[in-house]
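Structure first, commentary second.
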Amino acid sequence: MKSTAKTGPTIIIILGATGDLAWRKLIPAFYNLYLDKWIPHEFAIIGIGRSKLSDKEFQNHLHEGVDKNSRSGKSKKSDWDNFSPYLTYQKGHFNADSTYSDIEKRIKILEKKWKVTATKIFYLAVPPNSFEEIALKLGSSGLAKNKLQSRIVIEKPFGHDLDSAKHLNDLLHGIFDECQIYRIDHYLGKETVQNILAFRFANALFEPTWNRNYIDSVQITVSEQLGVENRGNYYETAGALRDMIQNHLLQLFCLIAMEPPVSFEADEVRNRKVDVLNAIRKIRPEEVHQNAVRGQYGAGWIQGKRVKGYRQEPDVSKTSTKETFAAVKLFIDNWRWQGVPFYLRTGKRMNETISVITIQFRPVPHQSFPAEATGNWQPNRLVLNLQPHMGIRMRFQAKRPGLKMILYPVDMQFNYNESYHTGTPEAYETLLLDIMEGDSTLFMRADQVEAAWKALMPIIDSWETNPSVNFPNYEAGMQGPEDSEALIAKDGHSWVIMPTERN
Ligand code: BG6
């Protein structure tokens, strides 16, 4: 297949290549980039893992992953036969110098064959406790010394709190320049998430109303029907606040609240996001209970099936006090957003799997219609539906047909699937291509990660010092704990019923 890619010769080194991430996400994404002709001619993926595997065994394992997980479905034999030679494997321990000298040998062989210096991308698809060790070895082996042509990719969680994130940033900065470091938050690669930027900054219509004068409040909900699956070990150290709010939800929050960037240069966009994080009003320890609510699911029903409670999941303590639901109220102390509450919530084993942002506008300043016309009156609301049904809905009042003036809320709707019939790339395809092209706009910079931790530390500290005594406090399949309603009801708001394509 002829490539039309703009990227130069590239070698991807995946450390942890026999793990779930490579199998489910990375290789299917590279495979689709290959099908869509984004892969350069001179390209190779070197998988590193602790198991003993031949290249063929490694390829067969990934073939199964592609057939099960690729958005393009089961691979065609000819396509797989053309793609699979890019994949080679090398057994190695992450703490052994020999692993890195072996990687270097392989790189040299490829570069000699291609007669160029390739871009090397070291992808750490490993648990966070291996990040430091691998980064240090990449430094001491000299593999990262070409600052222009070597990059490191780090998955979340980036740190466990503010101090550990700072420590990791300092360590990485001792080896790499910031422009070589790609911290992944896969939400930023999602089509609809990127569309928030297009919606806000490619239309003149919304920006004049995008502020405290017109907007009453903002809600960001990311709810999942899934439980913790087989990730109990990790989740017991994380919880919903660290797993979702510190990264994915705060990124969405930044995209909604940021000032218009002057350009789409990586640092300009990231500067505008950091401004938002730095302007989050500090929550004092004694205010945490008024601004944050946590929950943990007990047994219940999901799609007609009985499911276990969190404490009964594998690798979870029977007395765990880890939250599987978190809701927080944040304020942004700047001119645009002063006084506008942002409500963020996320939870596992909720009634629906949906990610949605709701912008609630203020009421009209004066009601000129008679009382009988406005019985069903509701303020304007803009709903950005990120997944699973991508779309944007605007609610406004209209006159109901009839002889009397009766107002009724109606929706104007834009639906991705109706408007576009081309396949939507997976978040990892977008992000991997950006890394190959050296574009870091959609990746988190060191100061961004630290500012996000800093905003949440009072809640994290308070929850750790005062473990919840009423867990489990919501049934699987419900909308989270009752307290989360109270969090927002005391401001005269209510969580927007999650809009599916049905309502
Ligand atoms: C991950 C979290 O970062 O995001 C998971 O660790 C969560 O707990 C997942 O399930 C959600 O991602 P998505 O793309 O399915 O919304």
Side-chain angles (χ1 to χ4, degrees), residues 7-17 19 21-22 25-27 29-30 43-49 90 92-97 99-104 106-108 110-111 117-160 164-186 188-189 247 266-267 270 427-428 430-450:
T7 15
T10 307
I11 305 174
I12 314 279
I13 301 98
I14 303 181
L15 296 117
L21 182 68
K25 296 286 185 191
L26 304 183
I27 302 300
F30 278 121
F43 180 73
I45 296 179
I46 306 174
I48 313 290
Q90 180 197 302
H93 285 273
F94 304 136
N95 59 359
D97 289 338
T99 303
Y100 301 86
S101 49
D102 288 346
I103 294 175
E104 193 175 10
R106 285 180 182 244
I107 291 174
K108 285 212 168 114
L110 288 167
E111 289 184 332
T117 305
T119 298
K120 275 78 69 179
I121 296 172
F122 298 94
Y123 201 115
L124 274 53
V126 294
N129 56 9
S130 301
F131 290 169
E132 281 194 38
E133 180 174 65
I134 295 176
L136 288 168
K137 290 283 181 203
L138 290 174
S140 60
S141 62
L143 280 169
K145 69 173 182 286
N146 181 339
K147 305 273 182 209
L148 293 176
Q149 283 186 288
S150 62
R151 294 170 198 155
I152 181 168
V153 187
I154 301 204
E155 280 282 336
K156 67 169 266 273
F158 193 93
H160 183 72
S164 54
K166 277 186 175 161
H167 170 80
L168 186 53
N169 275 330
D170 288 348
L171 181 130
L172 291 172
H173 289 150
I175 304 163
F176 303 92
D177 284 354
E178 177 61 29
C179 64
Q180 294 178 273
I181 308 171
Y182 289 74
R183 299 176 192 79
I184 290 232
D185 180 325
H186 79 280
L188 292 179
N247 35 77
D267 272 335
R270 298 191 296 180
Y428 272 96
T430 305
L431 297 175
L432 291 170
L433 185 61
D434 282 356
I435 300 167
M436 292 199 287
E437 291 181 349
D439 180 352
S440 48
T441 314
L442 299 181
F443 298 84
M444 292 179 301
R445 212 171 50 188
D447 53 346
Q448 228 179 322
V449 181
E450 290 178 17

Can you tell me how far apart [atom1] ([X]) and [atom2] ([Y]) are? Round to the nearest 0.5 Å.
X	Y	atom1	atom2	answer
S440	R151	OG	CZ	9.0 Å
I46	I13	CD1	CD1	5.0 Å
D185	L188	CG	CG	4.5 Å
I12	I435	CD1	CD1	7.5 Å
I107	I11	CD1	CD1	5.0 Å
M436	T7	CE	OG1	5.0 Å

Shortest non-hydrogen contact from [X] toward [Y]:
X	Y	value
D439	T441	OD1-OG1, 2.5 Å
F122	S150	CE1-CB, 4.3 Å
G92	I48	O-CG2, 4.2 Å
S141	Y100	CB-CB, 3.8 Å
V126	F131	O-CE2, 3.4 Å
L168	G159	CD2-N, 4.3 Å

I'd like to know if [X] pairs up with [Y] as an ion pair, taking the criterion as any Lys NZ or Arg NE/NH1/NH2 lying under 4.0 Å from an Asp or Glu carboxylate oxygen.
X	Y	answer
E133	K137	no
R270	D447	no
K120	E104	no

*Residue pair H173, I181: steps toward the side-chain contact (heavy atoms from CB on, under 4.5 Å) verdict*: CA-CA 9 Å; H173 289 150; I181 308 171; 3.8 Å; yes
_Verdict with reasoning, L124 to V153, per side-chain contact (heavy atoms from CB on, under 4.5 Å)_ = CA-CA 6 Å; L124 274 53; V153 187; over 6 Å; no
*Consider only side-chain N and O atoms of R183 and N169, and report whether a donor and an acceptor are under 3.5 Å apart.*
yes
Closer than 3.5 angstrom, by distance alone: can the side chain of [X] be matched with the main-chain N or O of [Y] as a donor-acceptor pair?
X	Y	value
Q448	R445	yes
T99	H93	yes
E111	A118	yes

*Assess whether side-chain contact (heavy atoms from CB on, under 4.5 Å) is satisfied between I154 and L172, documenting all intermediate values.*
CA-CA 11 Å; I154 301 204; L172 291 172; 3.6 Å; yes
*Does the side-chain contact (heavy atoms from CB on, under 4.5 Å) test come out yes or no for N146 and T119, once each step is laid out?*
CA-CA 9 Å; N146 181 339; T119 298; over 6 Å; no
*Please identify each residue that fulfils side chain to side chain donor-acceptor pair (under 3.5 Å) with E155, with sequence neighbours left out.*
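Checked E155 against side chain to side chain donor-acceptor pair (under 3.5 Å); matches are Y123, Y428.
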*Applying ring pair (Phe, Tyr, Trp, His ring centres under 6.0 Å), name anything that partners F443, two or more places apart in sequence or on another chain.*
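F443 satisfies ring pair (Phe, Tyr, Trp, His ring centres under 6.0 Å) with Y182 only.
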*Within 6.0 angstrom of K147 NZ, more than 12 heavy atoms from elsewhere*: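 More than 12 heavy atoms, drawn from other residues, nucleotides or ligands, come within 6.0 Å of this atom.
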